[in-house]
Amino acid sequence: MSNYPQTLRDELAKYNYAPTGNIEWDRAVLHTLRQQNKPDYCAMVAIDNVMRKVQKEIDAEQKSKVNIADPAVFNAHIQLWKQIANKILCSQRREFVVDDNNHEVIRFLMYYFHESPLAEEVFPGRGYKIHKNVMLQGKAGVGKTLLMQVFSAYLKYINSPMQFECISVTQMVNHFSLCNNIDLYTYNEDNSKAFQIKPFHLCLNDIGLENRPFYGIDTTTVVNDFLHARNELWSIQCDGADKKFAHLTTNLTTADLAKVFNGKDPYGRTIDRFKTYNVIPLSGESRR
């Protein structure tokens with residue numbers, strides 16, 4: 001409670017009330033104490049312990065976050081990220097190249113995955129928000145999937161709550177052919193009790209390209225179902241740690257995606273739900 005007003009702390013002490021750390025709540029309690037409004041005070045006391053528990057969880061979450069706004073901390077994490085990228089590329093006997101085509105995208109993603117509002121300032125005018133998912137768009141080979149693979153590994157190394165799994169459309173459709181559902185990639189409620197779903201953060205790579213049947217399975221329908229389910233999860237699980245992201249990469253433009261998915265969804269719901277994504281173009285030529 002480093003930013004907690006000392007005057008408020010002192011006033012509450014006169015009534016032997018220990019601050020919760022929630023300034024708005026504590027001011028309301030102080031006002032009630034001063035007014036000697038017993039019914040209101042009793043109502044507040046009834047949920048005071050719950051308020052303290054919630055505030056304690058908020059404080060713990062804030063303390064666990066990396067101060068990525070500090071330039072020295074940011075640069076240290078960028079160096080770690082590059083080292084992990086080079087480790088991934090080691091088997092190909094090459095190093096990761098940061099250039100004008102990907103530099104700002106990497107900067108945005110570093111802030112974004114640390115849930116820093118600074119991410120929203122990297123590309124002024126684009127309206128990117130840290131509460132939205134990420135969709136990387138670009139030509140084949142520009143490094144979309146690799147970027148997300150590196151961030152996936154990096155976030156796991158630092159044990160970030162934003163860590164995610166990278167999967168391909170082919171992998172998900174193969175799972176569908178084996179299990180006749182994609183529950184693992186959406187609600188993940190297999191063996192759940194009392195409707196307690198267990199979804200996780202993930203990135204689905206190369207959506208919109210697998211339009212041919214996969215052993216008799218219409219891949220576009222499977223991906224469409226995935227997008228609808230994950231959008232529902234993103235929408236309803238909107239409080240703190242319960243929010244689960246589903247990032248995407250694609251070679252297609254938004255207009256091309258509309259052509260692919262409108263055939264399965266004539267009402268345009270899938271394309272409309274792409275508004276819940278930070279659609280980030282990644283330029284350049286193939287790096288393969």
Side-chain angles (χ1 to χ4, degrees), residues 62 65-79 81-82 85 96-152 154-155 160 162 164 166 201-208 227 230-231 233-235 237-240 243-262 268-287:
Q62 291 299 320
K65 288 184 177 180
V66 173
N67 183 20
I68 204 69
D70 184 325
V73 174
F74 177 86
N75 289 332
H77 278 262
I78 284 291
Q79 292 303 314
W81 186 92
K82 289 179 181 177
F96 189 91
V97 176
V98 177
D99 55 26
D100 292 340
N101 292 316
N102 61 21
H103 178 269
E104 289 300 272
V105 175
I106 294 170
R107 189 161 76 95
F108 169 84
L109 292 174
M110 181 61 73
Y111 285 134
Y112 171 86
F113 284 119
H114 282 282
E115 302 175 87
S116 169
L118 290 176
E120 298 173 0
E121 302 175 10
V122 176
F123 295 104
R126 294 191 187 178
Y128 293 159
K129 301 294 181 182
I130 58 174
H131 70 270
K132 292 186 174 184
N133 302 288
V134 165
M135 182 197 297
L136 293 185
Q137 289 182 331
K139 295 187 295 185
V142 296
K144 305 178 298 297
T145 299
L146 177 59
L147 270 185
M148 297 307 280
Q149 286 174 336
V150 176
F151 269 102
S152 174
Y154 159 76
L155 293 169
S160 167
M162 293 289 282
F164 60 90
C166 261
H201 304 301
L202 56 77
C203 177
L204 183 63
N205 293 303
D206 292 327
I207 69 163
L227 293 172
R230 293 301 308 211
N231 181 264
L233 286 169
W234 179 88
S235 299
Q237 293 195 293
C238 57
D239 59 326
K243 194 175 189 70
K244 298 301 178 184
F245 294 89
H247 311 298
L248 305 170
T249 70
T250 181
N251 293 357
L252 306 182
T253 64
T254 303
D256 291 333
L257 288 171
K259 294 176 183 177
V260 171
F261 290 105
N262 279 348
R269 292 171 298 180
T270 302
I271 298 303
D272 185 67
R273 285 164 181 164
F274 284 146
K275 294 176 183 176
T276 64
Y277 283 80
N278 297 305
V279 182
I280 306 171
L282 189 61
S283 57
E285 301 300 322
S286 176
R287 298 173 184 267

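Residue numbers count from 1 along this sequence. Quick caveat: nothing in here was measured; it's all calculated off a predicted structure.
- When F108, F245, W81 are each tested for a ring pair (Phe, Tyr, Trp, His ring centres under 6.0 Å) with F151, only one passes: W81.
- Residue F164 is tested with Y112, F113, Y154 for a ring pair (Phe, Tyr, Trp, His ring centres under 6.0 Å); the sole match is F113.
- Distance check, rounded to the nearest 0.5 Å: CE of M135 to NZ of K144 gives 12.0 Å.
- The backbone N or O of W234 lies less than 3.5 Å from no partner atom in the side chain of K244, so there is not a single donor-acceptor pair.
- V150 is not listed as a side-chain neighbour of L147, based on a closest heavy-atom distance of 4.5 Å or more.
- Annotation: side chain of V142 is not in contact with side chain of S283 (no heavy-atom distance under 4.5 Å).
- Here the closest heavy-atom approach between residue G143 and residue L282 is recorded as C-CD2, 3.8 Å.
- Counting only heavy atoms from C-beta outward, the side chains of L136 and V134 approach each other to under 4.5 Å.
- Taking 4.5 Å as the limit, some side-chain heavy atom of T254 sits within range of a side-chain heavy atom of Q137.
- Looking at T249, its side chain does come within 3.5 Å of a backbone N or O of D206 through a donor-acceptor pair.
- If you take CG on N278 and CG on L248, they are separated by 11.5 Å, rounding to the nearest 0.5 Å.
- The two residues D70 and A72 have their closest heavy-atom pair at OD1-N, 2.9 Å.
- The two residues R107 and V122 have their closest heavy-atom pair at NH2-CG1, 3.8 Å.
- Between the NZ atom in K129 and the OG1 atom in T276 there is a gap of 14.5 Å [rounded to 0.5 Å].
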Side chain to side chain contact (heavy atoms under 4.5 Å, CB included) between E115 and H131, worked out: CA-CA 8 Å; E115 302 175 87; H131 70 270; over 6 Å; no
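- How far CG of L257 is from CD1 of I207: 5.0 Å, rounded to the nearest 0.5 Å.
- A distance-only check finds a donor-acceptor pair linking the side chain of N133 to the backbone of A246 [under 3.5 Å].
- Within the 4.5 Å cutoff, the side chain of K275 has heavy atoms near those of the D272 side chain.
- We find the CG-OH distance between L227 and Y277 to be 5.5 Å, quoted to the nearest 0.5 Å.
- Nearest approach of V260 to G208, heavy atoms of both residues: CG2-O, 3.9 Å.
- The aromatic rings of F261 and F274 sit perpendicular to each other, their planes meeting at more than 60°, with 30° as the lower class boundary.
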Residue pair H114, H77: steps toward the ring-ring contact (aromatic ring centres under 6.0 Å, His included) verdict: CA-CA 11 Å; H114 282 282; H77 278 262; 5.2 Å; yes
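- Few gaps surround CG on N67; more than 12 heavy atoms of other groups in view lie less than 6.0 Å from it.
- Here C203 contributes atom SG and M148 contributes atom CE; the two are 4.0 Å apart, rounded to the nearest 0.5 Å.
- For the pair P117 and I130, the tightest heavy-atom approach, listed with the atom from each and the gap, is N-CD1, 4.2 Å.
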Test ring-ring contact (aromatic ring centres under 6.0 Å, His included) applied to F74 and Y111, step by step: CA-CA 8 Å; F74 177 86; Y111 285 134; 4.8 Å; yes
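- The cationic atom of R126 (NZ for Lys, CZ for Arg) does not lie both less than 6.0 Å from the six-membered ring centre of Y128 and within 45° of the ring axis.
- Remark: the backbone N or O of A119 is not paired with any side-chain donor or acceptor of S116 at under 3.5 angstrom.
- Closest approach of N102 to V97, counting heavy atoms only: ND2-O, 3.0 Å.
- Screening T250, N251, D256 for a side chain to side chain donor-acceptor pair (under 3.5 Å) with T253, the sole residue that qualifies is D256.
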